[in-house]
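Ligands are counted one by one from 1 in listed order, and the atoms in each one are counted from 1 as well.
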Amino acid sequence: MKKVLLLVLVFGYISCKNSTNTIKNSPKSTIEKKVDSLLNIMTLKEKVGQMNQYSGFWDATGPTPKGGDKAARYEDLKKGYVGSMLNVKGVKQITALQKIAVEETRLGIPLIFGFDVIHGYKTIGPIPLAESASWDLKAIKKAAENAAEETAASGINWTFAPMIDISRDARWGRVMEGAGEDPFLGSKIGVARVKGFQGEDLSSPKTIAACAKHFAAYGFAEAGREYNTVDIGTSTLYNIVFPPFKAVTEADVRTFMNAFNLLNDIPATGNEFLQRKILKKDWNFSGFIVSDWGSIGEMVTHGYAENNKQATELAVKAGSDMDMESNAYIKELANLVKQGTVDEQLVDDAVKRILRVKFELGLFEDPYRYCDEENEKKVVGKKTFHDDALDIAKKSIVLLKNENNLLPLKKENQKIAIIGALANDKTSPLGNWRIAGDDGTAISVIEGLQQYKGNSLKYAKGADVLMPNSKLSFVNELLINETDTSGFSEAIKLAKESNVVVMVLGEHGLQTGEGRSRSNIDLPGVQQELLEEIYKVNKNIVLVLTNGRPLAIPWAAEHIPAIVEAWQLGVQSGNAIAQVLYGDYNPSGKLPMTFPKNVGQVPIYYNHKSTGRPYGENNDVVFWSHYIDESNRPLYPFGFGLSYTSFSYENLKINKITDREIKVSVDLTNTGTVKGKEVTQLYIHDKYASVVRPVRELKGFELVELEPKETKTIEFTLSEKELGFYTNTGEFIVEPGEFNVFIGGSSNATLTDNFNLK
Ligand code: NOJ
């Protein structure tokens, strides 16, 4: 307490718990003054300490940290040589560590605690890719808001989310963590998540700082192989990769994380162009950048720095403000400054950024503002969180096929077989990042279906997805069941006796995520074989897919009458799936990523460029852009999703408001017999441009609910922001010329017209 008093007396920047001088009311300039006065009294080693982040002795979310043992790290903490910790959770643990920082160090600067709250803290929601399929920005924001409240009540004040890496490669395991392939949708969703986490007032005990990651281009790892080299063109960087990051910067995201990958053969972590030029200068980002786990040290392995000393120099010069688990800054940086290799001003700039965010979070005002055990008990796992988790889980489901209206299921007098180990799994639906979520806490599909009492339900596993001895943890390799079909006969017998078979197949929740790239994106293990065997005896199959990435399932798409994409939906998974299968919720999700027919088509995405020899020209001979053994078309396109009702689009109208502003409207009608929601999507094509534009680009969408026979006119405004693009020198321009507009319920929308821009 002595330290706190000293600071209050000398610098007056800490106010006591009940003070009316809240951070909320602190103008930016006041915070800046406080940051400056604190910086003035810090020693070089204390400054470097602020730039040092340790994992919670040692809960690892990466390779085991190198250097420093537990005792040495405690010593660093006591000396004020640690600015942040990650992977510590719960008020008790956090209070204990915060106490050391505040009461035992010379200056008493509080720690900022980070964690990967990616899709919920304790109340795990749908994986981000699933949530993105809802296209429901309000619900997505609400999910982040709830996650923030639950996280903050547990003592944590910073999440390493949202991941806003655009990716076109379903082999990459981390597509589960993003918003899919499109920069427009990705920007909107990224902003919704940031606003949900951070709220209006960062110092509120219900909000936390967000972190935009991974800057930049991590989603373009070659061949979809995790951590692999990235090699993309300038146009892709500016027009596809950057927009979500720019959008969240404009929405005032307070932190960024850099990335493991190379970009133009320079590691993102040591990349001055990305961090200093684009982010801090051009976009005027005032928060701080944390490295990814060990990524400063990995610059040595990349062959960019000779040792950790040089890696430190390069990372600091490039603008990486905080070292996550490379243990490099704390060892090397002070000496580099003393030797004159690194200018102390760069250190000061990094420290200011970190302190600024700590002030904004209100940590100086009350370092324990997130540490109230009573509140933690009250808030964590609240009923309303579960209600909201169910709401967004339902909205995330995408109906891919429904031949002969097999769905919704009849509510009475049906013999229903449930087949597939994932139907009975209460852990897999929690997905990959489950932080404080407890294994076995998700509602399984069986439990969900059991809520409906009118039918007879019977279950047969058929086959395991993983081997029974597979270690179910975030850090281990999984063992896939490639051989054991001993459960097939029981499942086949059950299917024969049933009216309908609900088969729950797909990926285990731990088969996607970091370090989980796949070279095949089919149904893992023996599940395809199981599906085909069951089909031989009963064709009335509803295939419920649970997976964290697009899957290539051409056989199922051709043969199985009903297919429901149910991703990994979190704690309320089974309830959400049951409500959709029984029609109590009319599915409204749309795919945020293209589903290929074949892994060989990957990367496959809707907003590609036209080749010089596209489909439709020269098709009489082989000299056009195609495969000789597969079509160019995807299995299911971006933006696609069915409903239990149907919709029509008519009366597309285009009106010029000004030379650079276009109004587009369309009449959407529910032509079916039940109420339903539709995501109306607007795409443009800039036909001729100085930098070739994609054949289609999403530039507007609206989610609307309509009663049967109801019509609504949907309006979009296209302004320069939507009509322009980035040149290869990073300049944003709008060019005159002809544009096509397409409107409809997927990226294959056929209703079209055009306009000219002057
Ligand atoms: C590595 C991941 O790439 C990053 O996204 C995550 O936040 C850190 N580990 C911390 O767990």
Using the benzene-type ring in the case of Trp, are the ring centres of Phe160 and Trp433 under 6.0 Å apart? no
Next on the checklist: Under 6.0 Å between ring centres: does that hold for Phe115 and Tyr121?
Outcome noted: no
(request) Give yes if a backbone or side-chain nitrogen or oxygen of Trp433 is under 3.5 Å from a nitrogen or oxygen of ligand 1, and no if not. (result)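 No; the residue has no nitrogen or oxygen that sits under 3.5 Å from a nitrogen or oxygen of the ligand.
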So is there a nitrogen or oxygen of Glu177 less than 3.5 Å from a nitrogen or oxygen in ligand 1?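 So ligand 1 has no N or O lying under 3.5 Å from an N or O of Glu177.
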Filtering Ile435, Asp165, Asp292 for the heavy atom nearest atom 1 (C) of ligand 1 leaves Asp292
Contact atoms of ligand 1, heavy-atom distance to [X] under 4.0 Å:
| X | value |
| --- | --- |
| Phe160 | 7 (O) |
| Lys213 | 4 (C), 5 (O), 6 (C), 7 (O) |
| Leu86 | 10 (C) |

I need the contact type for [X] against ligand 1. Using non-hydrogen atoms and a strict under-4.0 Å cut-off, is it side chain, backbone, both or neither?
| X | value |
| --- | --- |
| Glu514 | side chain |
| Arg174 | side chain |
| Asn87 | neither |

Can you establish whether the number of heavy atoms outside Arg225 located under 6.0 Å from its atom CZ is more than 12?
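Open: at most 12 neighbouring heavy atoms sit under 6.0 Å from CZ of Arg225.
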With a sphere of 6.0 Å drawn around CD of Glu477, does it hold more than 12 non-hydrogen atoms of other residues, nucleotides or ligands? no
Ranked by distance from atom 6 (C) of ligand 1, the top protein heavy atom is Asp116 OD1, 3.2 Å
Go through the structure and list residues passing salt bridge (charged side-chain N to carboxylate O under 4.0 Å, His left out) with Lys79, not counting sequence neighbours.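 Here no residue qualifies.
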Residue set satisfying salt bridge (charged side-chain N to carboxylate O under 4.0 Å, His left out) with Lys188, at least two apart, ordered chain then number -> none
Next item on the list: Check if Phe260 has a non-hydrogen atom at a distance under 4.0 Å from any atom of ligand 1.
Entry: yes
**Item:** Parallel, tilted or perpendicular: rings of Phe638 and Trp135 (30°, 60°)
**Value:**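 Ring orientation, 0 to 90° scale: tilted.
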Can you say whether the rings of Phe288 and Trp158 are parallel (under 30°), tilted (30 to 60°) or perpendicular (over 60°)?
->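 Rings of Phe288 and Trp158: perpendicular, over 60°.
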